[in-house]
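Sequence lines set the chain letters: A, B, ... in the order given, protein chains first and strands last, and positions in each chain run from 1. Quick note: numbers below take in every heavy atom, side chains included, and nothing from hydrogens, waters or symmetry partners. These figures come from a predicted structure and were not determined experimentally.
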Amino acid sequence: MYMEGCICLYDMHQSGFNQREILFLGPRSSLAMTKLADPMTASDSLPACFSTTFPMNSRSRVSSLLVLAVATSTGAGSDDAWSVFQSMTLRNLITWNSMISGFQLLGLTGCSMSLFVRMHGDGIGFDCATLISVIGSCCESVHSSIGQCRLLHSLAIKAGFVSQPEVATALVKLYATLVSDMDECYRVFIETTDRDIVSWTGIITACAESQPEEALLLFSRLRYHGLIPDRYTFSIVIKACAGLATERHGSALHGLIIRTGFEDDTVLANALMHAYSRCGNIELSERVFNQMRACDIVSWNTMIKAYAMHGQGEEALRVFAAMDVQPDSTTFVSLLCACAHAGLVDQGHELFNAMLERYGIAPRCDHFACMVDILGRAGRLTEAEDLIKQMPVQGDPVVWSALLSACRKHGETEIAERAAQKLIELEPKNSVGYVMMSNIYCENGRYSDAGFIRKEMKDGRTRKVPGLSWIEIGDLVHEFAAGGRRHPEKDAIYAELNGLVGRLKEMGYVPKTSLVLHEIEEQHKEEQLYHHSEKLALAFWLMNATATTSFGCVKIMKNIRICLDCHNFMKVASACIGKKIVVRDANRFHHFRDGVCSCSDYW
DNA sequence: TTAGGGTTAG
């Protein structure tokens with residue numbers, strides 16, 4: 001039984017109270033309570049357990065404890081809680097705070113916030129603890145607005161709490177999650193007095209995903225200030241490393257973790273496995289996984305997902321078979337994803353059915369999206385569309401884009417049009433639907449339809465995400481855009497690329513000009529293809545080949561899916577230069593070696 | 001007695 005946030009009724013006869021009083025258990029005290037199996041039947045054993053694990057003074061000694069409402073998050077518990085709270089004779093700041101944080105723990109963030117409004121209206125006042133809980137609730141609620149965020153911030157300023165590290169850290173998290181406003185996060189962070197390791201971890205967390213380089217910079221600064229990173233700090237910094245185009249930082253951090261004595265920490269090992277696999281080094285993920293003393297569900301899921309991303313479907317299934325814990329919903333997302341990338345249609349089907357029948361896990365939107373992906377990639381587009389129609393809930397953008405992407409792969413336009421329309425309806429500001437549909441038209445020679453879609457996109461002020469590639473040379477990561485001319489060595493790069501294209505053509509590379517999406521001369525079409533960002537990155541690597549042998553292979557990171565022509569190009573190039581080329585695109589890794597790709601051209 | 005930071009998931 002999940003105990004956090006339980007409402008407990010105390011009989012305080014022996015401790016100075018005449019009536020039963022209620023106290024909402026917060027995270028610090030409830031942490032000690034998780035040992036209990038079932039609060040409804042454990043009332044006898046509870047006080048003993050309680051007194052040994054919960055620091056109590058004589059006033060708050062528990063003589064009996066009844067669970068009024070358990071953490072079901074159904075809302076029934078909150079009504080009970082509120083009525084009991086109203087009948088309490090002793091209500092002070094701490095009991096109000098306990099209620100507010102208790103509601104937050106139950107996930108009843110609306111109750112938590114309205115209680116605060118009531119408290120404020122009743123003239124009770126508030127302290128740091130109140131504010132921290134309410135900020136937490138505001139952060140977790142899906143209904144929160146920027147206005148509420150600003151209101152809480154101004155309350156913190158007015159009350160003089162804003163520079164308190166606990167309040168400031170909560171505000172940083174609020175600005176980061178609710179409005180992604182990093183400037184405001186920094187402002188709050190800088191004005192914090194006595195910044196400790198938690199404050200620093202908070203600001204690093206705020207920027208870890210969107211600005212991983214910044215996160216690493218902050219990490220070095222906190223160390224410069226003499227603060228000692230703990231496991232929380234390490235975990236978020238490793239997460240930031242997973243967002244970088246190089247494994248160097250992850251490795252360095254791994255070394256530091258070992259030296260600091262966190263080598264056996266499961267959470268950190270999980271984060272490292274993920275970072276290594278995201279940076280293209282599945283072997284290091286495997287090594288971390290194999291050396292782990294204690295695996296948890298996240299470890300298994302992460303390893304399965306790592307194999308999925310690298311197209312090693314059979315390995316993913318092998319890990320699943322070896323699991324010694326019950327799989328969860330995420331396990332199946334990873335597994336189905338592995339089946340999709342490896343073309344394991346039957347196994348995917350079996351797993352999808354087994355989810356509910358054998359493991360009692362109802363498929364969610366993301367599972368359906370994987371299944372649509374599995375069927376779609378295999379060319380079973382009608383089946384994929386039918387599956388979306390059968391979904392118990394409306395298909396989300398992920399489901400429809402999986403179908404659309406499959407249509408593109410198989411050159412199908414009718415189903416594609418329906419999928420694109422749905423996608424645009426659901427996310428009008430997302431360019432994916434427009435771009436993919438326009439590309440499908442182009443590939444079929446329907447340039448006027450493509451032009452129409454592009455115009456629609458422009459009119460709707462939806463901007464395409466530019467395709468970029470990154471490659472690490474020495475200490476620097478170089479960024480390339482298709483046809484880009486910003487690199488200081490651009491002329492040499494294009495010359496190198498022309499030379500390479502010539503050699504590859506001799507080896508059998510044929511440019512796939514049907515992929516160029518405009519009605520232009522054939523010669524220009526070829527040039528457009530040659531100037532895709534990953535080809536520029538490869539040419540640049542070749543120019544610096546002597547200085548870049550450290551990792552033994554060429555590693556290129558991309559933010560969008562690799563095109564068919566670049567895929568062919570990389571295959572022939574890997575044979576031509578006699579090196580393994582690893583390309584990470586938006587979805588997965590491709591390992592090119594001796595003219596073939598690890599995906600067996602199924603992606 | 002109440003209160004701030006962390007890992008996997010297209």
Side-chain angles (χ1 to χ4, degrees), chain A residues 8 10 21 23-29 54-57 59-62 92-102 104-105 126-136 139 161 164-174 176 192 196-206 208 229-239 242 265-275 277-278 296-306 308-309 328-337 340-341 364-370 372-373 396-402 405 432 586-588:
Chain A
C8 304
Y10 293 81
E21 300 292 353
L23 184 68
F24 223 111
L25 293 179
R28 290 181 190 174
S29 45
F54 186 58
M56 271 183 295
N57 55 34
R59 243 171 93 82
S60 65
R61 193 183 310 119
V62 180
N92 59 21
L93 195 55
I94 290 173
T95 54
W96 279 91
N97 287 353
S98 301
M99 282 293 285
I100 289 171
S101 71
Q104 189 206 344
L105 280 169
F126 62 88
D127 63 3
C128 281
T130 328
L131 214 47
I132 290 161
S133 293
V134 181
I135 293 170
C139 203
F161 296 148
Q164 295 282 317
E166 294 88 347
V167 177
T169 308
L171 276 171
V172 165
K173 189 178 177 185
L174 182 63
T192 312
D196 59 10
I197 189 65
V198 183
S199 327
W200 281 92
T201 309
I203 190 75
I204 293 175
T205 307
D230 61 13
R231 51 204 298 272
Y232 290 80
T233 324
F234 277 124
S235 70
I236 194 64
V237 182
I238 304 165
K239 186 184 169 146
D265 190 294
T266 305
V267 170
L268 298 188
N270 294 346
L272 277 168
M273 277 162 63
H274 175 64
S277 76
R278 280 270 308 163
D296 63 5
I297 183 73
V298 178
S299 324
W300 291 98
N301 292 352
T302 308
M303 198 63 238
I304 294 172
K305 179 68 188 168
M309 272 180 77
D328 65 3
S329 191
T330 307
T331 317
F332 286 95
V333 175
S334 304
L335 279 171
L336 293 171
C337 175
H341 287 310
R364 292 184 324 228
C365 252
D366 34 5
H367 300 106
F368 276 99
C370 290
V372 167
D373 202 12
D396 69 352
V398 184
V399 173
W400 288 109
S401 63
S405 161
V432 173
N587 301 317
R588 58 165 297 156

Mind checking if A/Ile197 touches a base, just sugar-phosphate, or nothing, with heavy atoms under 4.0 Å? base
Results of side chain to side chain donor-acceptor pair (under 3.5 Å) for A/Ser235 - residues two or more places apart only: none
Base, sugar-phosphate, or nothing: which does A/Thr302 touch, judged by heavy atoms less than 4.0 Å apart? sugar-phosphate
Heavy atoms only, 4.0 Å cut-off, all strands: where does A/Asp296 land among base, sugar-phosphate and nothing? nothing
Compare the minimum distances between each of B/dG4, B/dG5, B/dT8 and the side chain of A/Glu166, then state the nucleotide with the smallest one. B/dG4
With heavy atoms under 4.0 Å as the rule, sort A/Asp196 into base, sugar-phosphate or nothing. base
Nearest to the side chain of A/Thr330 - B/dT2, B/dG4, B/dT8? B/dT8
Kindly write out the residues that satisfy ring pair (Phe, Tyr, Trp, His ring centres under 6.0 Å) with A/Trp400, not counting sequence neighbours, or none if the list is empty. none
Closer than 4.0 Å, any side-chain N/O of A/Lys239 to the OP1 or OP2 of B/dT7? yes
Touch class at under 4.0 angstrom, heavy-atom based, for A/Ser133 against every strand present: sugar-phosphate
Drop me the distance from A/Thr201's OG1 to A/Phe234's CZ, to the nearest 0.5 angstrom. 10.5 Å
Please determine, for the side chain of A/Asp127, which listed nucleotide (B/dG6, B/dT2, B/dT8) has the closest atom? B/dT2
